[in-house]
Amino acid sequence: MALWFFPMAATLKPITKTETEWAYQLPAKRSKQYQHSRGYVREALSQIWNVPALKIPLHAPPGDVPVLDEGWGNVSFSHCCDGLFIGWSLYRIGVDIERADRNFKADLITKRYFSAKDNESLKNLHGNSFRAAVLKQWLIKEAAIKWQRGRLSADIAEWNFCKLSHEATHQSKGYKLGVHFIKHRLWNMAVAFEKRYQKIPPIICTEYSQT
């Protein structure tokens, strides 16, 4: 497993002609986000495979799950307002990122999206501790859904996180995943993976400066 973080302010990297055409069809903000993510995914994977970034066989149209050709492993990435988090593994992987100081209505999130089991685990928390715990659970759920290639609306309440075992479990489908939660400066990140394939906790292996 390999992980990378790149600030959104980092200079854009080259993407393919097809990706450029897709980017130009998007609204301005999303277009830049698309170009940034695909360029840095290519840049990161070129380090793994020691091939030019534009030769990485990445298939990632806007809104689709990113896929690499068979034999090239699995990639997942997530962005927030000012950061991009990328995960790669030979086996399926899911990642998610959010600003640690993100302002959101934690109580409404739990009522709308969390299961009874989730809410039971949060009942004794208040204030900032409650908000931080809800954000952590949300990140883990999102990462697990990306691993599953599921849908937020259908699966967000199905995934439960056990703090003692560091595992996420899908209640109806029986999936059981290992989870790593990472605090990196201003950002919180989660990684979901099959524990049998990953024995060593991952670290963020590359960071580009904003200059």
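Throughout, numbering of the chain's residues begins at 1 and tracks the sequence. The structure displayed is predicted, hence computed values, not measured ones.
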**Request:** Check whether any side-chain N or O of Thr20 sits under 3.5 Å from a backbone N or O of Thr16 as a donor-acceptor pair, and report yes or no.
**Result:** yes

**Which atom of Glu43 lies closest to which atom of Ala53, heavy atoms considered** = N-CB, 4.1 Å

**Fill in**
In short, side chain to side chain donor-acceptor pair (under 3.5 Å) pairs touching residues 57-69 with sequence neighbours left out are His59-Asp69

**Asked** Just by distance, do the side chain of Ser46 and the backbone of Pro52 share a donor-acceptor pair under 3.5 Å?
**Response** no

**Asked** Do the non-hydrogen side-chain atoms of Phe181 and Phe161 ever get within less than 4.5 Å of each other?
**Response** no

**Item:** Ile156 CD1 to Arg151 CZ distance, which is reported to the nearest 0.5 Å
**Value:** 12.5 Å

**Request:** Might you point out which heavy atoms bring Gln35 and Ala23 nearest each other, and give the distance in Å?
**Result:** CG-CB, 3.6 Å

**Message:** So does Gly83 get a backbone contact from the side chain of Arg99, meaning a donor-acceptor N/O pair under 3.5 Å?
**Reply:** no

**Item:** Basic-acidic side-chain contact under 4.0 Å: Glu120, Lys117
**Value:** no

**Request:** Report the C-alpha separation of Thr110 and Asp107 in whole Å, then their side-chain angles, then the decisive distance to 0.1 Å, and conclude whether the side-chain hydrogen bond (donor to acceptor under 3.5 Å, both in side chains) test is met.
**Result:** CA-CA 5 Å; Thr110 59; Asp107 56 337; over 6 Å; no

**Asked** Going by atom types alone, do Asp96 and Ser78 pair a side-chain donor with an acceptor below 3.5 Å?
**Response** yes

**Asked** Say you draw a straight line from NZ of Lys146 to CG of Asn74; how long is it, rounded to the nearest 0.5 Å?
**Response** 14.5 Å

**Message:** According to a hydrophobic-cluster definition based on side-chain heavy atoms being under 4.5 Å apart (Ile, Leu, Val, Met, Phe, Trp, Tyr only), do Val179 and Tyr91 belong together?
**Reply:** no

**Cluster overlap Trp147 with Leu90, hydrophobic side-chain contacts below 4.5 Å** = no

**Request:** Walk me through it: do Trp22 and Ile15 pass the test side chain to side chain contact (heavy atoms under 4.5 Å, CB included)?
**Result:** CA-CA 11 Å; Trp22 284 331; Ile15 56 178; over 6 Å; no

**Request:** To the nearest 0.5 Å, tell me how far Gln137 CD sits from Leu122 CG.
**Result:** 5.0 Å

**Asked** Would Ile56 and Leu68 count as a side chain to side chain contact (heavy atoms under 4.5 Å, CB included) if you check the C-alpha gap in whole Å, the side-chain angles of each, and the deciding distance to 0.1 Å?
**Response** CA-CA 8 Å; Ile56 296 294; Leu68 294 165; 3.9 Å; yes

**Asked** Ser76 and side-chain contact (heavy atoms from CB on, under 4.5 Å): which partner among Val41, Ile93, Ile86?
**Response** Ile93

**Prompt:** What distance separates Ile145 CD1 from Ile140 CD1, expressed to the nearest 0.5 Å?
**Reply:** 12.0 Å

**Prompt:** Taking Asn119 for the side chain and Ser115 for the main chain, is one N or O donor matched with an acceptor at less than 3.5 Å?
**Reply:** yes

**Message:** Is there a path of hydrophobic side-chain contacts, each under 4.5 Å between heavy atoms of I/L/V/M/F/W/Y residues, joining Val65 to Ile97?
**Reply:** no

**Message:** Using the rule that Ile, Leu, Val, Met, Phe, Trp and Tyr join whenever any side-chain heavy atoms are under 4.5 Å apart, tell me whether Val191 and Phe5 fall into a single cluster.
**Reply:** yes

**Item:** Minimum heavy-atom distance between Ala100 and Leu135, given as atom pair plus value
**Value:** O-CD2, 3.9 Å

**Complete:** Shortest non-hydrogen pair, Tyr34 vs Ala60, comes out as OH-O, 3.0 Å

**Item:** Distance in Å, Trp4 CH2 paired with Phe85 CZ, rounded so as to fall on 0.5 Å steps
**Value:** 10.0 Å

**Message:** Tell me if the CD atom of Glu21 is crowded by more than 12 foreign heavy atoms within 6.0 Å.
**Reply:** yes

**Message:** Could you check whether Asp118 pairs with Lys141 (Lys NZ or Arg NE/NH1/NH2 to Asp/Glu carboxylate O, under 4.0 Å)?
**Reply:** yes

**Message:** Can you confirm whether Leu54 sits close enough to Pro14 that some side-chain heavy atom of one is under 4.5 Å from a side-chain heavy atom of the other?
**Reply:** yes

**Request:** Take Asp82 and Trp187, measure what side-chain hydrogen bond (donor to acceptor under 3.5 Å, both in side chains) needs, and give me the verdict at the end.
**Result:** CA-CA 9 Å; Asp82 56 0; Trp187 300 272; 2.8 Å; yes

**Item:** All side chain to side chain donor-acceptor pair (under 3.5 Å) counterparts of Gln33, not counting sequence neighbours
**Value:** His79

**Message:** I need the minimum non-hydrogen distance between Ala143 and Ala190, along with the two atoms involved.
**Reply:** CB-O, 3.8 Å

**Request:** Please tell me if the side chains of Phe193 and Ser89 come closer than 4.5 Å, counting only heavy atoms from C-beta onward.
**Result:** no

**Asked** Given the rule in the side chain to side chain contact (heavy atoms under 4.5 Å, CB included) test, do Arg42 and Glu19 qualify, once you have shown the distances and angles that lead to the verdict?
**Response** CA-CA 12 Å; Arg42 291 184 172 281; Glu19 289 167 342; 3.0 Å; yes

**Asked** What about Phe114 and Phe104, same hydrophobic cluster or not, with Ile/Leu/Val/Met/Phe/Trp/Tyr joined at side-chain heavy-atom distances under 4.5 Å?
**Response** yes

**Message:** Which label fits Tyr175 and His170: parallel for a plane angle under 30°, tilted from 30 to 60°, or perpendicular past 60°?
**Reply:** perpendicular

**Test item: Lys136 and Asn188 side chains (from C-beta on) under 4.5 Å apart, heavy atoms** = no

**Request:** Could you tell me whether Lys195 and Glu167 make a salt bridge, using a distance below 4.0 angstrom between a side-chain N and a carboxylate O?
**Result:** yes

**Prompt:** Quick one: are Arg102 and Cys80 in side-chain contact, heavy atoms under 4.5 Å?
**Reply:** no

**Asked** Any side-chain donor paired with an acceptor under 3.5 Å for Trp159 and Gln148?
**Response** yes

**Request:** Can you measure from CZ (Arg149) to CG (Asp155) and round to the nearest 0.5 angstrom?
**Result:** 14.0 Å

**Item:** Check against side chain to side chain contact (heavy atoms under 4.5 Å, CB included), His36 and Met8
**Value:** CA-CA 7 Å; His36 180 275; Met8 292 298 290; 3.5 Å; yes

